[in-house]
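All remarks here apply to the structure that follows.
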Amino acid sequence: AGALEGRELEWAVNTPELTAEHASINSNIIRTRFPPEPNGYLHFGHAQSMNMNFALSFEKLGVPMENRRTIFRYDDTNPDAES
């Protein structure tokens, strides 16, 4: 098993065609997404979490800086959790 490799789930395995399409679109770019729970105001802790989760993972995997992308997406997907 490689760095940060999880167990394989049979239902989540991509077809060779889908894998090839993904590679042709993304090339060497690795994208991560940070969807914080909308439970109040964004704060410095969110930035720390993004840094710890993504920057350290990119480093462990050896992803060059020019191939790193993080998408910060803030959705109000759980309005009942709002205070």
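Side-chain atoms of I25 and E21, non-hydrogen and from C-beta on, do get closer than 4.5 Å to each other. A heavy-atom distance below 4.5 Å is not found between the side chains of H22 and N14.
The distance from atom CG of N53 to atom CZ of F58, rounded to the nearest 0.5 Å, is 11.0 Å.
Here T15 pairs with E17, L18 under the side-chain contact (heavy atoms from CB on, under 4.5 Å) rule; sequence neighbours left out. With sequence neighbours left out, the side-chain hydrogen bond (donor to acceptor under 3.5 Å, both in side chains) criterion links T19 to no other residue.
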Can you give the donor-acceptor pairs under 3.5 Å from side chains of residues 62-69 to other protein atoms, not counting sequence neighbours?
| from | atom 1 | to | atom 2 | distance (Å) |
| --- | --- | --- | --- | --- |
| R68 | NE | V63 | O | 2.9 |
| R68 | NH2 | V63 | O | 2.9 |
| R69 | NH1 | E66 | O | 2.8 |

